[in-house]
Amino acid sequence: MTYIIANWKMNKTAREAVKFIDALTDYLNNKKSISHHILIAPSTIHLPILSKSLSKSFNLAAQNIAFKDAGAYTGEVSAKMLSEYVQYSIVGHSERRCYFNEDHQILYQKLVMCLQHNITPIFCIGENKNDRDANNYLTIIRQQLNETLMLLDDDDLLKTIVAYEPVWAIGSGNAASLDQISELHTYIRSILFQRLGEKSNDIPILYGGSCNSSNTQSILTQNNVDGLLVGGASLDVVHFQKMIDMLDV
């Protein structure tokens, strides 16, 4: 099944979030069938209220989790706490790496926390513009995987989702080219295959970075693209609904 995940980042008040969820619920209830995994990742503060009226047609995801289970970590929210509301969590988004200095050791600990509490991690990887321009991007991707996700045992690795998000495309309005997307997703799949063989096909690989209703269909036709992690385009419910419709085309 194809995944489409709305990462709202630091947007929407509680009222705006509820209004979006109500509209999305009505839209999905009017569809004959839903053959996709639809996830909404709101601000953590909105998870309790949104979970009360959650439709069976989609799930909630956390945007981030703490690297520890409990303790003196002011402002953090643990996987144990979040597990009451979500079955998924984004881990390692480039904005967390850049603005909050999350390194590979911290990200690995977050992966472990997710899996200990039956939360599926949506693990983000991707090169920045300097690495792309220096033609060093494949090395960076392998390093990001080897020092985090690939440290998990096979059973846990199979419980994860990978999201390739080229940092230079996020928020730019310009997605990676189809050739670039195909190259990277095939490369990521090959790394997973080296470890897991045919079982690696059970790990979804999503694309993120300036996805919208205009490029959804073309991106999803590329090899080893199993869905989308959507940022700004997911904030407007009508636009997000158009993207969902494109999954069926």
Side-chain angles (χ1 to χ4, degrees), residues 1-7 34-41 56 58-69 78-80 82-94 96-97 102-127 138-165 181-208 219-220 222-230 247:
M1 294 177 71
T2 303
Y3 284 80
I4 184 165
I5 304 173
N7 177 17
I34 300 170
S35 57
H36 319 292
H37 293 295
I38 302 169
L39 278 62
I40 307 296
K56 293 182 179 179
F58 61 92
N59 293 104
L60 295 175
Q63 294 183 17
N64 179 48
I65 63 145
F67 69 106
K68 294 289 186 179
D69 214 19
S78 72
K80 183 178 181 180
L82 289 168
S83 65
E84 297 183 29
Y85 308 108
V86 302
Q87 296 175 306
Y88 301 85
S89 179
I90 299 170
V91 176
H93 194 282
S94 62
R96 298 293 312 178
R97 297 173 189 253
E102 294 186 356
D103 59 19
H104 290 154
Q105 182 179 0
I106 288 175
L107 297 179
Y108 173 70
Q109 290 176 284
K110 290 189 174 194
L111 290 170
V112 171
M113 290 294 101
C114 280
L115 293 163
Q116 283 184 356
H117 294 283
N118 297 314
I119 294 175
T120 298
I122 303 158
F123 189 67
C124 300
I125 57 175
E127 80 283 1
L138 296 182
T139 299
I140 293 299
I141 294 301
R142 181 176 286 274
Q143 180 184 21
Q144 289 177 346
L145 288 171
N146 284 346
E147 297 187 16
T148 52
L149 208 65
M150 302 300 280
L151 297 178
L152 301 172
D153 63 34
D154 289 1
D155 288 342
D156 281 341
L157 183 55
L158 286 165
K159 298 174 184 175
T160 67
I161 295 172
V162 179
Y164 169 62
E165 290 198 302
I181 294 171
S182 181
E183 177 192 22
L184 265 296
H185 280 244
T186 299
Y187 181 67
I188 294 165
R189 182 71 70 199
S190 72
I191 293 173
L192 297 173
F193 184 86
Q194 291 170 9
R195 168 74 175 273
L196 296 168
E198 294 295 336
K199 290 183 179 180
S200 65
N201 292 321
D202 294 335
I203 300 177
I205 305 176
L206 317 183
Y207 172 77
I219 291 174
L220 290 175
Q222 302 309 297
N223 291 332
N224 297 299
V225 177
D226 303 305
L228 303 172
L229 178 56
V230 188
L247 304 182

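Bear in mind the structure is a predicted one, so any value in this text is a computation, not a measurement.
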Point to revise | Check: His93/Gln63 side-chain N/O donor and acceptor closer than 3.5 Å | key: no
Review point. How many angstroms lie between atom CG of Asp153 and atom CG of Leu158, to the nearest 0.5 angstrom?
Key: 9.0 Å
Practice item. Only pairs at least two apart or in different chains count here, so list each salt bridge (Lys or Arg N to Asp or Glu O under 4.0 Å) that has a residue in residues 194-203. Key: Asp154-Arg195
Exercise for review: Test Leu206 against Val162 for side chain to side chain contact (heavy atoms under 4.5 Å, CB included), laying out the working first.
Suggested key: CA-CA 6 Å; Leu206 317 183; Val162 179; over 6 Å; no
Review point. Where do Gly92 and Arg97 come nearest, in terms of heavy atoms and distance?
Key: O-NE, 2.8 Å
Review point. When rounded to the nearest 0.5 angstrom, what is the spacing between CG in Leu145 and CG in Leu192?
Key: 6.5 Å
Check your understanding: So do His117 and Asp69 actually touch side chain to side chain, heavy atoms under 4.5 Å?
Key -> yes
Review point. Do Asn224 and Ile188 have side chains that get closer than 4.5 Å, going by heavy atoms?
Key: no
Review point. Where is the tightest heavy-atom contact between Leu229 and Ala163, given as atom of each residue plus distance?
Key: CD2-CB, 4.0 Å
Check your understanding: Parallel under 30°, tilted from 30 to 60°, perpendicular over 60°: which one fits the rings of His185 and Tyr164?
Key -> perpendicular
Point to revise | Contact list for residues 104-113, test side-chain hydrogen bond (donor to acceptor under 3.5 Å, both in side chains), sequence neighbours left out | key: Asn64-Lys110, Glu102-Lys110, His104-Glu147
Review point. Taking the side chain as C-beta and beyond, is there a heavy-atom pair between Cys114 and Ile65 under 4.5 Å?
Key: yes
Check your understanding: Does the Asp226 side chain pair with the main chain of Ile205, one donor and one acceptor, at a distance under 3.5 Å?
Key -> yes
Revision key, fill the gap. OG1 (Thr148) and CD1 (Ile106) are apart, to the nearest 0.5 Å, by 13.0 Å
Point to revise | Ser89 side chain near Pro121 side chain, heavy-atom distance below 4.5 Å | key: no
Check your understanding: Is there side-chain contact between Phe123 and Ile161, with heavy atoms separated by less than 4.5 Å?
Key -> no
Practice item. For the pair Arg96 and Asp103, find out whether any cationic side-chain nitrogen is under 4.0 Å from an anionic carboxylate oxygen. Key: no
**Study point:** Check: Val91 and Thr160 side chains under 4.5 Å, non-hydrogen atoms
**Key:** no
Practice item. Take Leu184 and Leu138 through the side chain to side chain contact (heavy atoms under 4.5 Å, CB included) test and state the conclusion after the steps. Key: CA-CA 8 Å; Leu184 265 296; Leu138 296 182; 4.0 Å; yes
**Study point:** Gln144 side-chain N/O to Gly126 backbone N/O, donor-acceptor pair under 3.5 Å
**Key:** yes
Review point. Is there a side-chain contact between Ile141 and Glu127 (heavy atoms, below 4.5 Å)?
Key: yes
Review point. Within the side chain of Ser200, is there an N or O that forms a donor-acceptor pair under 3.5 Å with the backbone of Gly197?
Key: yes
Check your understanding: Of all heavy-atom pairs between Lys159 and Thr120, which one has the smallest distance, and what is that distance?
Key -> O-CG2, 3.2 Å
Point to revise | Taking every non-hydrogen atom, the tightest pair across Ala61 and Val86 | key: C-CG1, 3.8 Å
Practice item. Output the distance between atom CE (Met113) and atom NZ (Lys80), rounded to the nearest 0.5 Å. Key: 11.0 Å
Review point. Taking the side chain as C-beta and beyond, is there a heavy-atom pair between Leu60 and Leu39 under 4.5 Å?
Key: no
Exercise for review: Report the C-alpha separation of Leu228 and Leu220 in whole Å, then their side-chain angles, then the decisive distance to 0.1 Å, and conclude whether the side chain to side chain contact (heavy atoms under 4.5 Å, CB included) test is met.
Suggested key: CA-CA 8 Å; Leu228 303 172; Leu220 290 175; 4.1 Å; yes
**Study point:** Donor-acceptor contact present, side-chain Arg189 to main-chain Ile203, <3.5 Å
**Key:** yes
Check your understanding: If you measure from OH on Tyr88 to CG on Leu82, what distance do you get to the nearest 0.5 Å?
Key -> 15.5 Å
Check your understanding: What's the spacing between Leu196 CG and Asn201 CG if we round to 0.5 Å?
Key -> 10.0 Å
Practice item. Before giving the answer on side chain to side chain contact (heavy atoms under 4.5 Å, CB included), spell out for Leu157 and Met150 the whole-Å C-alpha distance, their side-chain angles and the decisive distance to 0.1 Å. Key: CA-CA 7 Å; Leu157 183 55; Met150 302 300 280; 4.2 Å; yes
